[in-house]
Amino acid sequence: MNTSSTPTPERSRPHLLGVLAGLFLAGGMVVATMVFSRTWMKIKDDDTITVTGSARRNIESDMIVWSGAVVTEAPDLNTAQRQLHDQVALIQAFFTEKGITNATFKPMGITAISGRYDKDGEKVAKTFGYRLTQDVMIRSTNLDLVLGMDRDTSKLVAQGLVFTSSAPQFIWTHAGEAKVEMLGEASRDARERASQIAGQGGRTISKMRTAHMGVFQIAPVYSVQTSWDGMSDTSSREKTVTAVLSATFGLQ
């Protein structure tokens, strides 16, 4: 007689429940560990504060760049060149009268005026004349002198010259050195902001952990223009310069 017996389902059920309980306990420990880990990371993140500081200055441009051009046209090249030479002499005399002594004339540009005409029922190419252009540029630190001259260029037109000028460009030549100084000011502003914010939560700030320079903006004075790449305005004599810095500080 075989005395061995096979375990009944009733006897194996407690063992199965034990295994399941062990699995649930292990899973709970893993979840608890993950929650604890994330909580620790959150607390660690709270031990720093990141703020943006800025510095702003209103400045006046210290250089002006002015440019103009005179144009002549004639049926033949020699006549066009002779006319241009005479008109450039008038412009130089005008500059001298206004106290401008550093005008720079660029190389002459020559354009053939061409077209087609009918000859015996066919279209034939022909050069009808020449257009000559002479560009001139002035760079000066005497902004008022150049602006005064610019207002009087209508006198050149009154003499029969085909003369045009572009809007003056206003340059601030100290942007490079000021950028370093203003980033220092922006850093101090960031520290002050961080200290005020941390103080609201009963904390104090420690040393700076990281610093990232933002855009450097040179915009027309009182303008709200901005650019993600920074901007360097040349259209206005008076400008507003802004430096931005993002800084992270430790918390105590």
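The shown structure was predicted, so the numbers you read here are calculated from the model rather than taken from an experiment.
- What you find for S54 and R193 is that their closest heavy atoms are OG-NH2, 4.1 Å.
- Listed here is the closest heavy atom pair of A190 and T52: CB-C, 4.4 Å.
- Legend: ring pair (Phe, Tyr, Trp, His ring centres under 6.0 Å) pairs involving residues 198-227, not counting sequence neighbours: none detected.
- Counting only heavy atoms from C-beta outward, the side chains of Q196 and E192 approach each other to under 4.5 Å.
- Looking at heavy atoms from C-beta onward, I205 lies in side-chain contact with L251 at the 4.5 angstrom threshold.
- Within a 6.0 Å sphere centred on CZ of R57, other residues, nucleotides and ligands contribute more than 12 heavy atoms.
- Placement of W66 and I171 in two distinct hydrophobic clusters is found when ILVMFWY residues are connected by side-chain heavy-atom separations under 4.5 Å, directly or transitively.
- Rounding to the nearest 0.5 Å places CD of E185 at 12.0 Å from CG of L245.
- Environment of CE in M108: crowded, with over 12 heavy atoms of neighbouring residues, nucleotides or ligands closer than 6.0 Å.
- Heavy-atom minimum distance, K239 versus S236: NZ-O, 2.6 Å.
- If you take CG on L90 and CZ on F163, they are separated by 11.5 Å, rounding to the nearest 0.5 Å.
- Hydrophobic clustering of Ile, Leu, Val, Met, Phe, Trp and Tyr side chains at less than 4.5 Å, counting indirect connections, keeps M208 apart from V244.
- Rounding to the nearest 0.5 angstrom, the gap separating the CD1 atom in I91 from the CD atom in Q87 is 7.0 Å.
- With hydrophobic clusters built from ILVMFWY side chains whose heavy atoms lie under 4.5 angstrom apart, L77 shares a cluster with L84.
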List the atom pairs, donor and acceptor, that lie under 3.5 Å between side-chain atoms in residues 126-146 and the rest of the protein, sequence neighbours left out.
| from | atom 1 | to | atom 2 | distance (Å) |
| --- | --- | --- | --- | --- |
| R131 | NE | E73 | OE2 | 2.6 |
| R131 | NH2 | E73 | OE2 | 2.9 |
| Q134 | NE2 | K106 | O | 2.3 |
| S140 | OG | N142 | N | 2.9 |
| N142 | OD1 | L145 | N | 3.1 |
| D144 | OD1 | R237 | NH1 | 2.8 |
| D144 | OD1 | R237 | NH2 | 3.2 |

(request) Decide side-chain contact (heavy atoms from CB on, under 4.5 Å) for T240 and S223; before the verdict, give the C-alpha distance in whole Å, the side-chain angles of both, and the deciding distance to 0.1 Å. (result) CA-CA 8 Å; T240 297; S223 170; over 6 Å; no

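- Hydrophobic clustering (ILVMFWY, side-chain heavy atoms < 4.5 Å, transitive): I218 and V215 are in distinct clusters.
- Here the straight-line distance linking atom OG1 of T72 with atom NE2 of H85 works out to 12.5 Å at 0.5 Å rounding.
- Of all heavy-atom pairs spanning I64 and P168, the tightest one is CD1-CB, 3.7 Å.
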(request) Decide yes or no on side-chain contact (heavy atoms from CB on, under 4.5 Å) for L161 and F94, but give the supporting numbers first. (result) CA-CA 12 Å; L161 279 69; F94 171 77; over 6 Å; no

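- Within the model, atoms NZ of K207 and OG1 of T248 stand 13.0 Å from one another, a figure rounded to the nearest 0.5 Å.
- At least one donor-acceptor pair closer than 3.5 Å links the side chain of R203 to the backbone N or O of Q252.
- No continuous path of hydrophobic side-chain contacts links M63 to I59 [ILVMFWY only; heavy atoms under 4.5 Å].
- The two residues A186 and A243 have their closest heavy-atom pair at CB-O, 4.0 Å.
- With hydrogens and angles ignored, the 3.5 Å screen pairs no side-chain donor or acceptor of S187 with any backbone N or O of L183.
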(message) Does D76 form a salt bridge (Lys or Arg N to Asp or Glu O under 4.0 Å) with R82? I'd like the steps, not just the answer.
(response) CA-CA 10 Å; D76 61 90; R82 189 164 53 250; 5.5 Å; no

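- Ring geometry, F105 versus F95: the interplanar angle falls from 30° to 60°, so the pair is classed tilted.
- Shown here are the side chain to side chain contact (heavy atoms under 4.5 Å, CB included) partners of A93, two or more places apart in sequence or in another chain: there are none.
- Atom CG of D150 is separated from atom OG of S166 by 9.5 Å, given to the nearest 0.5 angstrom.
- The two atoms that bring R209 and D47 nearest to each other are NH2-O, 4.3 Å, heavy atoms only.
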